[in-house]
Amino acid sequence: MDRASFYEQVYQVVRLIPKGRVTSYGAIASYLGTKGSSRMVGYAMNGAGTISPKVPAHRVVNRNGLLTGKFHFSSLTAMQDLLEKEGIKVSDDKISDFKTHFWDPAIELDLER
DNA sequence: ATGTTGACTTGGA
DNA sequence: GTCCAAGCCAACA
């Protein structure tokens with residue numbers, strides 16, 4: 001784990017996000033122990049499509065459940081479309097029932113450990 | 001080593 | 001409820 005850079009750690013956590021679930025950058029950052037680096041979580045996603053395997057960055061949104069990173073996708077509707085395909089309703093670039101679909105690594109992953 | 005940047009978060013008005 | 005400002009940490013030039 002220590003060998004993995006902060007970016008790699010973020011990638012792994014995001015990859016563990018179950019289908020139909022979403023989480024926030026702060027939740028991942030907090031799980032990694034660096035809550036203050038919430039921005040880095042999103043910034044790390046810059047390589048989401050350049051690394052392997054691909055990271056489901058569309059499942060990661062800001063604390064408001066708003067698709068803030070959709071501008072970084074191929075298309076502005078790509079992120080929303082992917083979420084809808086997974087059963088998540090998105091309206092006005094914002095996830096409906098965000099709290100219901102929320103997936104907290106600090107809790108979900110901690111249970112398996 | 002220093003400075004800038006950033007797909008965020010939180011707190012105050 | 002909304003809007004503005006500051007803080008935080010890691011990677012990159």
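Everything quoted here is computed from the prediction, not taken from an experiment. In what follows, chains are A, B, ... by sequence order, proteins preceding strands, each numbered from 1.
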J.: Of the options B:dT10, B:dA7, B:dC8, whose atoms approach the side-chain atoms of A:Lys35 most closely?
T.: B:dT10
J.: On a heavy-atom basis, which atom in A:Phe6 and which in A:Thr34 lie closest, and how many Å separate them?
T.: CE1-OG1, 2.9 Å
J.: Could you check which residues of residues 81-103 of chain A get a heavy atom under 4.0 Å from DNA chain B? Sort them by number, please.
T.: none
J.: Between B:dT9, B:dA7, C:dC9, spot the one nearest the side chain of A:His72, thanks.
T.: B:dA7
J.: Base, sugar-phosphate alone, or nothing: which one does A:Ala44 contact when heavy atoms must sit under 4.0 Å apart?
T.: nothing
J.: Donor-acceptor pair under 3.5 Å: do we get one between A:Ser38's side chain and the base of B:dC8?
T.: yes
J.: What nucleotide, of B:dA7, B:dT10, C:dC9, holds the atom closest to the side chain of A:Thr34?
T.: C:dC9
J.: Using whole Å, what does the distance between atom C1' of nucleotide B:dA7 and atom OH of A:Tyr11 come to?
T.: 12 Å
J.: Using the side-chain heavy atoms of A:Arg39, tell me which of these nucleotides is nearest: B:dA7, C:dC8, B:dT10.
T.: C:dC8
J.: Starting at the 5' end of DNA chain C, which residue's closest nucleotide do you reach first, A:Phe6 or A:Gly36?
T.: A:Gly36
J.: If you round to the nearest 0.5 Å, how far is CG of A:Leu83 from OG1 of A:Thr77?
T.: 11.5 Å
J.: Roughly, in whole Å, what's the span from CE in A:Met40 to P in B:dT9?
T.: 14 Å
J.: Can you measure A:Asn46 atom CG to B:dG6 atom C1' for me and round it to whole angstrom units?
T.: 8 Å
J.: Looking at A:Tyr11 and A:Ala44, would you say the former's side chain and the latter's main chain have a donor-acceptor pair under 3.5 Å?
T.: yes
J.: Provide, to the nearest angstrom, the distance between the CE atom belonging to A:Met45 and the P atom belonging to C:dA10.
T.: 18 Å
J.: Provide, to the nearest angstrom, the distance between the CG atom belonging to A:Leu32 and the P atom belonging to C:dC8.
T.: 19 Å
J.: Tell which nucleotide pairs with C:dC8, taking only Watson-Crick or G-U wobble pairs whose two distances are both under 3.5 angstrom.
T.: none
J.: Is the backbone of A:Ala27 close enough, under 3.5 Å, to the side chain of A:Ser24 for a donor and an acceptor to pair up by distance?
T.: yes
J.: Determine whether A:Arg21 and A:Glu108 satisfy the following criterion, salt bridge (charged side-chain N to carboxylate O under 4.0 Å, His left out), listing intermediate values before the conclusion.
T.: CA-CA 12 Å; A:Arg21 297 280 182 169; A:Glu108 304 294 326; over 6 Å; no
J.: Can you name the one residue among A:Glu84, A:His72, A:Lys70 that meets side-chain contact (heavy atoms from CB on, under 4.5 Å) with A:Met79?
T.: A:Lys70
J.: Touch check for A:Phe73, heavy atoms < 4.0 angstrom, all strands: base, sugar-phosphate only, or nothing?
T.: base
J.: Between side-chain atoms of residues 96-104 of chain A and protein atoms elsewhere (two or more places apart, or another chain), which donor-acceptor pairs fall under 3.5 Å?
T.:
{"unit_1": "A:His101", "atom_1": "ND1", "unit_2": "A:Gly20", "atom_2": "O", "d": "3.4"}
{"unit_1": "A:Asp104", "atom_1": "OD1", "unit_2": "A:Ala106", "atom_2": "N", "d": "2.9"}

J.: Specify the separation, in whole Å, of atom CD1 of A:Ile28 and atom C1' of C:dC8.
T.: 17 Å
J.: To the nearest Å, how far apart are A:Asn64 CG and B:dT10 P?
T.: 10 Å
J.: Is the distance from OP1 or OP2 of B:dC8 to the nearest side-chain N or O of A:Thr68 less than 4.0 Å?
T.: yes
J.: For a quick test of reading the model, state the closest non-hydrogen atom pair linking A:Leu66 to A:Asp92 and the distance between them.
T.: CD1-O, 4.1 Å
J.: To the nearest Å, how far apart are A:Tyr43 OH and C:dA11 C1'?
T.: 6 Å
